[in-house]
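We name chains A, B, ... by the order of the sequence lines, and we start the count at 1 in each one.
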Amino acid sequence: MDAYRFHEIEPKWRRHWDEIGLFRLKLDEKRGKFYCLDMFPYPSGELHVGHGRNYILGDSLARMKLMQGFDVLRPMGWDGFGLPAENAAIERHIHPAEWTRANIAAMKRQFEQWGTGFDWGREVATCDPGYYKWTQWFFLELYGAGLAYRGEASANWCPSCRTVLANEQVVAGACERCDTPVTQRKLEQWFFKITAYAQELLDGLDELPHWPERVKTMQRNWIGRSEGVDIEFPLENGGSVRCFTTRHDTIFGATYMVVAAEHPLLDDVLRNGGSAELREFVRKERSQSIARRWEPARDKVGVFSGVYARNPMTGRRIPVWVANYVVVEYGTGAVMAVPAHDQRDFEFARKYSLDLKEVILAPGKTPGQTLAEAYEGEGTLVDSGEFTGLASDLARDRIAGRMEETGVGRRVVRFKLRDWLVSRQRYWGTPIPVVYCERCSVVPVPESSLPVILPEDVEFDPSGRSPLLTRHDFLDTTCPRCGGKARRETDTLDTFVDSAWYYLRYLTPHDPNIAFSREMVNRWLPVDLYIGGIEHAILHLMYSRFIIKALRDMGHLSFSEPFERLFTQGMICMNGAKMSKSKGNVVSNEELIGRYGADTARLYTLFIGPPEKDAEWTEKGVEGAHRFLQRVWRQVLECSGPEAAREPQEPSGGAAVGSRVRGPADLRAKVHETIVKVTSDLENFRHNTAVSSLMELSNVIGAYVRDDPSSRSEPALREAVRTLVVLLSPMAPHVSEELWRRIGGTRSVFLEPWPAWDPAALKRDTQVVVVQVNGKLRARLTLPVGASRAAAEAAARADKHVAANLSGRTVRQAIHVEGKLVNFVTD
RNA sequence: GCGAGAGUGGCGGAAUUGGCAGACGCGCUGGAUUUAGGAUCCAGUGAGGAAACUCCUGGGGGUUCGACUCCCCCCUCUCGCACCA
């Protein structure tokens, strides 16, 4: 028998699949569609076994769907813009474009080695002008719709790199690139108005039953909707401070106010004086970086502002404080403080000896007891004027109503979600297509002039400053509106903009005239299955959802959610840590595939554990997967080749053990049970148990021929072996294709129909019925299927273990579950 | 603190309309084959016990003829959010 020579088999079949265009989408055939999308990678050039998991999962499912007769769209591309390329340029003097292209080529080679089948004719890269032209077009569309605007924002600023940093680029309050402490800086920046869709983005999550609950929860937290009232607190010397609260039922207990250091009220106060202490406190707080402010559990400190306000419900005079526990980013940057019913206010009030007034009574409590901590729950109002005696929820409604009548406040819904800051002071990204005209101010570049090309022959400054700032042939331009002198925008777009729409481009990847075809995306989207890492749970997925809704409202497409079903795969770890080059615990693909072949790498990756959970990579596990493929190889050839008939052996004589199948009908039942199991397991992302059921089938086949070598010519065995090969093919495609041809397949196994199970074959003659006495297992009986209660009970009583346990006792009740169990309950 | 998820042999993990706990793989033990190693094959492998048998799904309680599965309380771990008013 030939050895399993995966080195020869694997490249051979990959060439063949390419030649027959197995993964080339046939757009003209209109069968059921299946758009199976993997999150496209950033071309870092680094690819190890941990990166393969999602692609292998998707590939297995896509191959099964192909065999089930679906038109499968299975594209791949590259998230080509981003910082690492620019850093490589600065550090190693390689141009970002060159670095990126080389990495794409290297990664594509490795993808191909895995045998993951993609429709490479649809490949896109976000850094190609043919792609980013359309990213720029989106920008203009959003700008035209009023969803892109320029505004001032406080941002993380690295003084050394001279750029704004995203929050995720700030590590422990310092720039991830150069370790310089990050400061806050107000800058004019471009934003997308994602907040206009806050409510719809929240509601839409309820329409996504096939998304992981975890991801939806994270998005809900991020959107952060809360209902409350905005209340005007009049100031003693004129004017007022507005604050937002969700607990207006506690307003009668508001004994002071707190504003954030950035609150405009303080500008007025400090202009007219203010204590030295206040001045110093505000200065210090305002200079804190955003990152510093986000550190949790800081001691609450504050200073009296010198200003008094009036509680609009009680008329009480209350002091206004400045403190570090109020954030300017949320609400109005000012809060009413109710120390009796808010733990933060309670701690602060105790520290600075501020008044406390109890206005909510917990159920079963009497007033006047000394509080050890704030009571934040619901209860009955006390000492609250006309609202005294109401329950919290009713009181909130009544108080809000009264505030609206009297003009003191109004009901509002607030979100934590901020608008999406999309400008970056970086070179390697999509240029923002606007110019600044001396006369007309901000002018968008007309669509006919797109793309605004990113100049490639540029010099990189070690400071990290964008080379665009000194490129006059890029900078200097004319105004599209008045023809006068104008300067181009030098900021580029956040790479999340590039990746927010790429899945639309795959349908018309090379069309120079349109970003996407309305008709095609309406037919092919939403994406049926989107596979990727949990790290994109919020940003990428939320931005994509936003872009789709915006495009829908602009009339470019007619669906509301881009991804019907989302699957987030777990990480692959090694020695307890995420595999990464810097930790030195990577297993190289090339090495692994060189030693064991791609099919082993794939099979082990699928078998390692539940796909959504993190898993620990072990060499022993790889060997186990390889052993299984070796065994299948031998088994299939032995049971199917001519030598199967030529080498009859004496029956081993040993009686078949209980777990073994007893005849062709039993073998068929196992085969068809495996078809059911593998089919549903692949559809439900339980690849690990799909693999184990194939191992079981292989074990059963092995025992079957061992017990009766003459059975090798049986039709049931032939069916078993053929089915094993076909069911294995999505997971270990190369070896399955080779075996399929060797056992008589005349065309690719992937062109064969996926096996259907035969309900008749699933029916077994006998089944195992367990017998319990008082819930304790006493016997296992093999009974004919459909045995009656009487027959089962009689057989059970006849068993000697059961009889021994029943002797001397009276059976009070006998529970019978057909085909499963008999349980005797005795006195 | 809030929210979500998880806790099962030496290890990864199976089993959910409540009905055989530990599938499958790794590891380990013994045997066959082999000069040897490797590979392969066979048998065994939750714990205790010579055995009969008993015990076992983080801990405690409950519902039930019967609980890994349902309910209540507690512990631990992972992830997310976090002074959001």
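Picking from G27(B), C24(B), G19(B) the nucleotide with the shortest atom distance to the side chain of K820(A) gives G19(B). Comparing C20(B), G3(B), C55(B) by their nearest atom to the side chain of K776(A) picks out C55(B). The side chain of I815(A) sits closest to C65(B) out of C81(B), C65(B), A85(B). Between G19(B), G13(B), C53(B), one nucleotide has an atom nearer to the side chain of V817(A) than all others, and that is G19(B). With C26(B), A4(B), A85(B) as the candidates, the nucleotide lying closest to the side chain of K620(A) is C26(B). Of the candidate nucleotides C24(B), A85(B), C83(B), C24(B) has the atom lying nearest to any side-chain atom of E696(A). The N688(A) side chain lies nearest to A14(B) when the options are C24(B), C53(B), A14(B). With distances taken from any side-chain atom of Q772(A) to the nucleotides A14(B), G19(B), G12(B), the minimum falls on G19(B). Listed nucleotides: G13(B), A21(B), G19(B). Nearest to the side chain of N823(A): G19(B). Closest to the side chain of V768(A), out of G19(B), C20(B), C53(B), is C20(B).
With hydrogens and angles ignored, a donor-acceptor pair closer than 3.5 Å exists between the side chain of R780(A) and the base of C20(B).
The residue among V770(A) and D614(A) whose nearest nucleotide of RNA chain B lies closer to the 5′ end is D614(A). Nearest-nucleotide mapping onto RNA chain B: of R631(A) and E213(A), the residue sitting toward the 5' end is E213(A).
Regarding the sugar-base torsion, G7(B) falls in the anti class, its angle being beyond 90° of 0.
Judged by distance alone, the side chains of D666(A) and Y704(A) never bring a donor and an acceptor atom under 3.5 Å apart. No side-chain N or O of T250(A) forms a donor-acceptor pair with one of Y375(A) less than 3.5 Å apart. Remark: the T826(A) side chain and the N774(A) side chain contain an N/O donor-acceptor pair separated by less than 3.5 Å. For R225(A) and Q199(A), the side-chain atoms include at least one donor-acceptor pair closer than 3.5 Å.
Side-chain atoms of R778(A) do not come within 3.5 Å of backbone N or O of V773(A) as any donor-acceptor pair. Checking side-chain atoms of Q767(A) against main-chain N and O of T782(A) turns up no donor-acceptor pair under 3.5 Å. When atom types are taken as modelled, the side chain of R418(A) and the backbone of E329(A) share a donor-acceptor pair closer than 3.5 angstrom.
Protein atom NE2 of H687(A) is 23 Å distant from nucleotide atom P of A23(B), rounded to whole Å.
Residue R686(A) places none of its side-chain N or O atoms closer than 4.0 Å to OP1 or OP2 of A23(B). Dashed line: the shortest gap from a side-chain N or O of Y330(A) to OP1 or OP2 of A85(B) is under 4.0 Å. At least one side-chain nitrogen or oxygen of R627(A) sits closer than 4.0 Å to the OP1 or OP2 atom of C26(B). Within the structure, every side-chain polar atom (N or O) of N805(A) is placed at least 4.0 Å from both OP1 and OP2 of C53(B).
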Report task. Could you summarise the pairing of RNA chain B as dot-bracket text, marking Watson-Crick and G-U pairs under 3.5 Å with ( ) or [ ] inside the strand and | across strands? Result -> (((((((..(((......[....)))((((((.......))))))(((....)))..(((((..]....))))))))))))....
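By the 6.0 Å and 45° rule, R242(A) does not stack over the aromatic ring of F233(A).
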